[in-house]
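Report on one structure; see the data block that follows.
The first residue in the sequence is number 1, and the count goes up from there.
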Amino acid sequence: MADTKREIERKYESDDSGLPDLTGVGGVTDVIDMGLVELDATYYDTADQRLTAASLTLRRRTGGSDAGWHLKFPVAPGVRDEIRCPLSDTVPAEIAALVRSRVRGAELVPVVRLRSARDVRHLVDADGAVLAEASVDTVTADRLIGKGGSAQWTEIEVELADEADPALLDRVDRRLRKAGVRPSKSASKLARALEETGGTRHGSGRRAKPVTAGDHVLAYVREQREKILEHDPGVRRDVPDAVHQMRVATRRLRSTLRTFGKVLDPAVTDAIAVELKWLAGELGLDRDQEVLAERLTTALGDLPPALVHGPVSKRFTTWASARHGSARGHLLAILDSARYLALLDTLDALLADPPLRKKAAGKPEKVLAKAVRKDLAKVSRLVTEAMELPPGEERDVALHEARKKGKRTRYAAEAAVPALGGTARSLAKSMKSLTKLLGEHQDSVMARRTLRELSAVAHAAGENGFTYGALHAREEARAAQVEARLPGLWKEARSHAAV
């Protein structure tokens, strides 16, 4: 079973002076010598270093108190989430799944071996509680692929203890700098080992500034592709909001391919858009369930106790748990499927050899603006038609279609912001307001549908259905309020929508 630990640390380059005295820094009353620990870690990656390029590190380490397999995900500078599994001869299945979107069909092989003699100190407070661990690591690195090579260095590492105040690291940093210790230029031991043994440092270069319409569209496509890959492990780990963020990136990417058909050839991208729609739909099974369950539970909690009859809360909980478990198992199977991994390969191929059309070489201010205006015109037509319909199912469907086109327009505007600036930003903001309002309406539609289904089940079980009816009536009222607000909001959105 894998465990997760949030690792907050800072690394420094060291010379023979070693670790300066840290007593009295930020509540540190004593520095306890914990002795020397021998660590032996083998780092794994694909031959073309896909994990390193994504700032991920995977190692098998012996020695110390946490021997085992460790997979580290970057969270922020100096902050990483470390997934830990017990020692085994091969990469644990749980960890292999978390890097599958990066690795796909490639083999994980040993790339670097790091042996460290770690001189450990515990920084403790007046009560003896550990605030941080400071160590001086003497490192020997051996490259295990390519032409090989070795390197040696000494570094200081300061890792914050669980629940300790992160401000301590700032105070320690000031003491170390005053003593002449310099922050490390490398984010990790692996990065330094690869660089000093003849490897290529990944992620340090900057892409050329977008110039053409094609440059801007591809930059946005690349960004959304990367977000899908970034959120994949979070979805597998059931991290809050990961499904939503991955789904949003999938939708943004699909919308971009649809909107900018004059830039990227639809003969190539249409098939990719179909697969992205499929993926977004699969992600939505769990996400929509999550949103709807929260809405119904909150609505039930807002009802006066006198209006709650029967085991409604229990039925909501049972329904939500059953649906979530079923949807989650299905989603994990999707992320391991050949179809999903083939889609990722296709996106890589698209970016490596983009099917650019003639308009791709044009000025972004002209080409992108025209595409965005075209999407906006579709939204305008759909909103107008929906508002002319009487309340009911037909209007509900029309408003949902307007919402989907509003999202597409918003994403197109976001992609165009680097080229069009404030006008595109203003449009994106207006479309966000519109789709948020229409999203509230659609949530009400789905909530009413679910309430009718649960009411029927409750009735069949001989339970009182009054509460379901009360909740249904409240959802009808919420939808009516949205519809009443729509004309005014749409008028305001149109006034800020010039591109």
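- Annotation: Lys5, atom NZ; neighbour count of heavy atoms from other residues, nucleotides and ligands within 6.0 Å is above 12.
- His309 NE2: more than 12 foreign heavy atoms inside a 6.0 Å radius.
- With Glu475 as reference, Arg295 is the one residue of Arg449, Arg295, Arg452 to meet the salt bridge (Lys or Arg N to Asp or Glu O under 4.0 Å) rule.
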- Full working for side-chain hydrogen bond (donor to acceptor under 3.5 Å, both in side chains) between Tyr220 and Asp215: CA-CA 9 Å; Tyr220 194 74; Asp215 291 339; over 6 Å; no
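- Rounding to the nearest 0.5 angstrom, the gap separating the CG atom in Leu71 from the CZ atom in Arg59 is 10.5 Å.
- Between the CZ atom of Arg222 and the CG atom of Asp348 there is a distance of 10.5 Å, given to the nearest 0.5 Å.
- The OG atom of Ser255 sits 10.5 Å away from atom CZ of Arg410, with the distance rounded to the nearest 0.5 Å.
- Remark: Lys359 NZ is loosely packed, at most 12 non-hydrogen atoms of other residues, nucleotides or ligands lying under 6.0 Å away.
- Each of Thr46, Thr57, Val103 was scored for a side-chain contact (heavy atoms from CB on, under 4.5 Å) with Leu51, with one residue passing: Val103.
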- Task: Give the C-alpha distance, both sets of side-chain angles, the deciding distance and a yes or no for side-chain hydrogen bond (donor to acceptor under 3.5 Å, both in side chains) between Gln49 and Asp45.
- Result: CA-CA 5 Å; Gln49 297 178 28; Asp45 204 340; over 6 Å; no
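- For the atom pair CG of Leu438 and CG of Leu486, the computed distance is 5.5 Å after rounding to the nearest 0.5 Å.
- When only modelled atom types and interatomic distance are considered, Thr259 and Asp375 share a side-chain donor-acceptor pair under 3.5 Å.
- A donor-acceptor pair is defined here as one N or O able to donate and one able to accept, closer than 3.5 Å; no such pair exists between the side chain of Arg10 and the backbone of Glu157.
- Counting non-hydrogen atoms of other residues, nucleotides and ligands closer than 6.0 Å to CD of Glu394 gives a total of 12 or fewer.
- Using modelled atom types and a 3.5 Å distance limit, the side chains of His122 and Glu133 yield a donor-acceptor pair.
- A 4.5 Å side-chain heavy-atom check between His70 and Leu58 finds every atom pair outside the cut-off.
- Contact record, Leu56 with Pro74: CD2-CD, 3.7 Å, taken as the closest heavy-atom pair.
- More than 12 heavy-atom neighbours from other residues, nucleotides or ligands sit within 6.0 angstrom of CD on Glu476.
- Under a cutoff of 6.0 Å and an axis angle of 45°, Arg339 and Trp278 form a cation-pi pair.
- Residue Lys189 holds its NZ atom at 6.5 Å from OH of Tyr43, rounded to the nearest 0.5 Å.
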